[in-house]
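Throughout, protein chains are lettered first and strands after them, A, B, ... in sequence-line order, and every chain is numbered starting at 1.
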Amino acid sequence: SRNEVADDIVPITPANIDELVEPIKAAGRIIIVAYGLTENKILGMGLRFGGRSVYLAAGWEKLAGIFADEKIKKVGHDLKLLGRSLSEQGIDFRGIDFDTMIAAYCLNPGKNFSRLAEVALEYLNEPIGEPNAQRAGRDLLVIEKLQNKLVDQLRAQNLDNYFSQVEIPLSTVLLEMERYGILIDRPYLQQLVNSFQDKITQLEKDIYQIAGTEFNLNSPKQLSFILFEKLQLPPQRKTKTGYSTDEEVLRKLAMVHELPARLLEYRHLQKLVSTYGVSLLNLVDSRTGRIHTTFNQAITATGRLSSSDPNLQNIPIRSEYGRQIRRAFIAPDEKLLLSADYSQIDLRVLAHLSGDEKLLKAFLNNEDIHNATARELFGEITPQQRRLAKTINFGIIYGMSPHGLAQELNIDQKSARDYIENYFSRYCGVKKYLDNCLGLARQQGYVTTILGRRRYLPEINSANGQLRQAAERIALNTPIQGTAADIIKIAMIDIARGLAGSDSHLLVQVHDELVLEVPRKEIEKVAEMVREKMTAAIKLKVPLVVDLKYGQNWAEMEKWQ
DNA sequence: CAGGCACGC
DNA sequence: GCGTGCCTG
C-alpha cells in the first residue's frame with residue numbers, strides 16, 4: 001500500500017502553483033505538511049485538498065492568499081510552528097481548524113506528541129519512516145486518517161468542545177503573541193550585563209583569595225572539594241554524586257565562613273548574566289528589537305503552557321538584581337505594558353472544587369487567604385503565623401507530604417504532620433475532596449480538570465512506594481493546576497477577540513498573569529476589558545479576582561485601581 | 001547526555 | 001506540583 005500512497009502525490013513546479021488557488025478555494029479545506037522548518041525556512045510542503053495531494057519544493061508565497069484566508073480551513077500537525085515560519089517569510093497564516101499534535105495532547109497530555117510519527121504510532125499503530133521524496137504524500141494521508149480517529153476519541157471523552165472552542169482558537173492567539181513579540185531595551189540590558197560582569201569578576205578574585213587557590217566556581221564538584229575538604233566546613237546534605245552545594249547549604253555555611261556568602265552572590269549574578277543577560281540579548285530580533293518566544297501548547301502534563309527560546313515565564317522578579325533584568329522588558333514610548341494577574345487562582349480553584357465551607361467563605365468575603373488560614377489554624381495572625389499558613393497553603397496545592405513540608409519549614413516530620421492534621425481537621429471539605437481525588441485516581445487511573453481534560457496516572461497503584469506517592473501528589477495537584485490553566489486559556493481567547501483590530505496586543509502569559517502592550521490612550525478601556533474577560537472566563541463558586549498594573553517596563557508598574 | 005543548580009508560577 | 005536553561009564532566 002506504500003506504493004499506492006506514494007503514487008498519490010504530484011510534484012508541482014512553481015510555474016503551475018497559481019493553478020492550485022481555485023481548487024483549494026473550492027475545497028475550502030487543506031491538509032498541510034511542511035519539512036525543514038527549523039531555520040525559518042521551509043524545504044518542502046505537501047498539500048492535500050479535494051481528494052488530491054501535491055508537493056511543492058518552492059513557490060508557496062504564491063499561495064499567500066490561501067494561507068492568510070481564515071475561511072480556508074487548515075489541518076496539520078503543529079500548525080503554529082508552520083505559521084511562525086511562514087510569518088518569517090512575510091506570509092500570514094490564519095484558519096487553523098485541526099491540529100493532530102494538539103488533539104493528541106488533549107487526549108493524553110502526559111505523552112510526547114511533538115512529532116507526527118508519535119501520534120501515528122499511538123493512534124494508527126502506523127510507523128513513519130525516514131524523510132524521503134514520497135514522505136509528504138504518506139504524511140498527508142496519515143493526518144487525514146488521524147483526524148477522523150482523533151475526532152472520534154475527543155467526542156468519546158466529551159472533549160470535542162474543549163478542543164475546538166479552547167485549544168484550537170488558543171493556538172492562533174499564541175501564534176499572534178509569538179509573532180508580535182515583546183520589546184527589549186537593548187542598551188540598558190547590555191549596560192546591566194556589563195555592570196553585573198564587573199561585579200562577577202571582583203567576586204571571583206575575592207573567592208580565589210579566600211580559598212587560597214583558583215578553581216572553577218561553576219563546578220559543584222570542585223566547589224565541594226574546596227568547601228568540605230580544603231576548608232573543612234561541615235557538609236549538610238548529600239546528592240547522588242557527592243555533597244550538595246545548593247543555595248540552602250551555602251546559606252547555612254555562610255554563617256560560619258565568608259566564602260559561601262560570596263559564592264551565593266556570585267552564583268546569583270552568574271545566573272542572571274548567563275540565562276537572562278547574554279542569551280536574551282542574542283535572541284532579540286535585530287529588525288524589530290523584540291523577543292519572540294515560542295509558547296509550547298502541548299508539552300506540560302497539567303495543561304499549562306510552557307515558553308522557550310527564550311523562556312519568558314521565568315524572568316526574575318524576587319531579587320533586586322533580578323528586577324533590574326525585568327526592567328529591560330519595555331513598551332514603546334507611546335504605549336504601556338499592562339499586567340493582569342489572577343489573585344490566588346489555585347486556592348480559589350481548590351475552594352470551588354472542594355466546596356469547603358471555610359475556604360469558600362474566606363474568598364466570598366474577599367479576605368487575605370493566608371491571614372484567614374493563619375487565624376483558623378493558630379488563632380492569631382502574626383507575620384510568623386501568616387508565613388506558616390502560606391507555606392501550608394502551598395503545600396496543600398502541591399500535594400505536599402509531611403516530609404516535604406518539614407523540609408520547607410525546617411522542622412521535624414512529626415511537627416509537620418501535626419500542622420497538616422490540624423489543617424485538615426479545620427478544612428474538612430478540603431480533606432474530603434483530596435481523599436476523593438485519590439480514590440477516583442486509583443479507581444479510574446486518571447484525574448480530570450474542570451473542563452474534563454484527563455491526566456493518566458499509571459503509577460497510582462504501583463507497588464513501589466516512591467512512584468506511588470509521586471503519583472498521589474500528581475493526583476492532588478493536577479486538577480487544581482490544570483483547572484487554573486483551563487481558566488486562563490479561556491480568558492486569553494476572549495481577550496484576543498476583544499482586542500481584534502486594535503493596536504493593543506497580548507504579549508506574554510505566565511500561568512496566572514497576562515502581559516499586554518497597550519496604546520496610552522486605550523489603557524483605561526483595555527484594562528477594564530481585560531479584567532472583565534478574566535473574571536468572567538468561568539463561573540466558580542468564588543469570585544475570580546484580577547489585579548492590574550501598568551507601566552513603561554515590566555518591573556516598575558503602578559496598580560490600576 | 002545526565003546531574004546539579006536556579007529562575008518562574 | 002509544573003516547567004526551561006545554564007554549566008560541568
Point to revise | Donor-acceptor pair under 3.5 Å, A:Q481 side chain vs C:dG1 base | key: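 Yes, the side chain and the base share a sub-3.5 Å donor-acceptor pair.
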Check your understanding: Is A:R318 side chain donor-acceptor paired with the B:dC7 base, going by distance under 3.5 Å alone?
Key -> no
[N] OP1/OP2 closer than 4.0 Å to side-chain N/O of [X]:
X	N	value
A:S307	C:dT4	no
A:T239	B:dG4	yes
A:S219	C:dG9	yes
A:R473	C:dG1	yes
A:Q222	C:dG9	yes
A:R455	C:dC2	yes
A:H268	B:dC7	yes
A:T245	B:dC5	yes
A:T302	C:dC2	no
A:T478	C:dC2	no

Exercise for review: Please identify each residue that fulfils ring-ring contact (aromatic ring centres under 6.0 Å, His included) with A:F228, with sequence neighbours left out.
Suggested key: A:Y243
[X] [atom1] to [N] [atom2]: how many Å, rounded?
X	N	atom1	atom2	result
A:R237	B:dG4	CZ	P	11 Å
A:L272	B:dA6	CG	P	12 Å
A:L223	B:dC5	CG	P	9 Å
A:N218	B:dG3	CG	P	20 Å
A:I487	B:dC9	CD1	C1'	15 Å
A:L217	C:dC6	CG	P	19 Å
A:L305	C:dT4	CG	P	11 Å
A:R453	C:dC2	CZ	C1'	12 Å

Practice item. Test A:L451 against every option in A:I487, A:D486, A:T483 by the side chain to side chain contact (heavy atoms under 4.5 Å, CB included) rule and name the one that passes. Key: A:D486
Taking the side chain of [X] as its heavy atoms from C-beta onward, which of [options] lies nearest to it?
X	options	answer
A:K271	C:dG9, C:dG5, C:dC6	C:dG5
A:T241	B:dC9, C:dG5, B:dG3	B:dG3
A:N314	C:dC2, C:dC6, B:dG8	B:dG8
A:P316	B:dA6, B:dG8, C:dG1	B:dG8

Identify whether any heavy atom of [X] sits under 4.0 Å from a base atom; if not, whether one sits that close to sugar-phosphate; answer base, sugar-phosphate or nothing.
X	result
A:I397	nothing
A:E247	sugar-phosphate
A:K240	sugar-phosphate
A:L476	nothing
A:A484	nothing
A:N216	sugar-phosphate

Review point. Passes side-chain contact (heavy atoms from CB on, under 4.5 Å), A:L409 versus A:Y419? Steps please.
Key: CA-CA 11 Å; A:L409 291 173; A:Y419 281 136; 4.2 Å; yes
Exercise for review: For the pair A:Y342 (side chain) and A:V545 (backbone), establish whether a donor and an acceptor sit closer than 3.5 Å, ignoring hydrogens and angles.
Suggested key: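 Pair absent, no side-chain N/O of A:Y342 close to backbone of A:V545.
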Does the distance from a Lys or Arg side-chain N to an Asp or Glu carboxylate O, for [X] and [Y], drop under 4.0 Å?
X	Y	value
A:R237	A:D246	yes
A:E472	A:R442	yes
A:E265	A:R262	no
A:E247	A:R251	yes

Point to revise | Sub-4.0 Å heavy-atom contacts from residues 399-428 of chain A onto DNA chain C, ordered by number | key: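 Output list: empty, so none.
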Check your understanding: Mind checking what makes side-chain contact (heavy atoms from CB on, under 4.5 Å) contact with A:Q552, not counting sequence neighbours?
Key ->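 Once residues adjacent in sequence are excluded, the partners of A:Q552 under the side-chain contact (heavy atoms from CB on, under 4.5 Å) criterion are A:A331, A:L336, A:R520.
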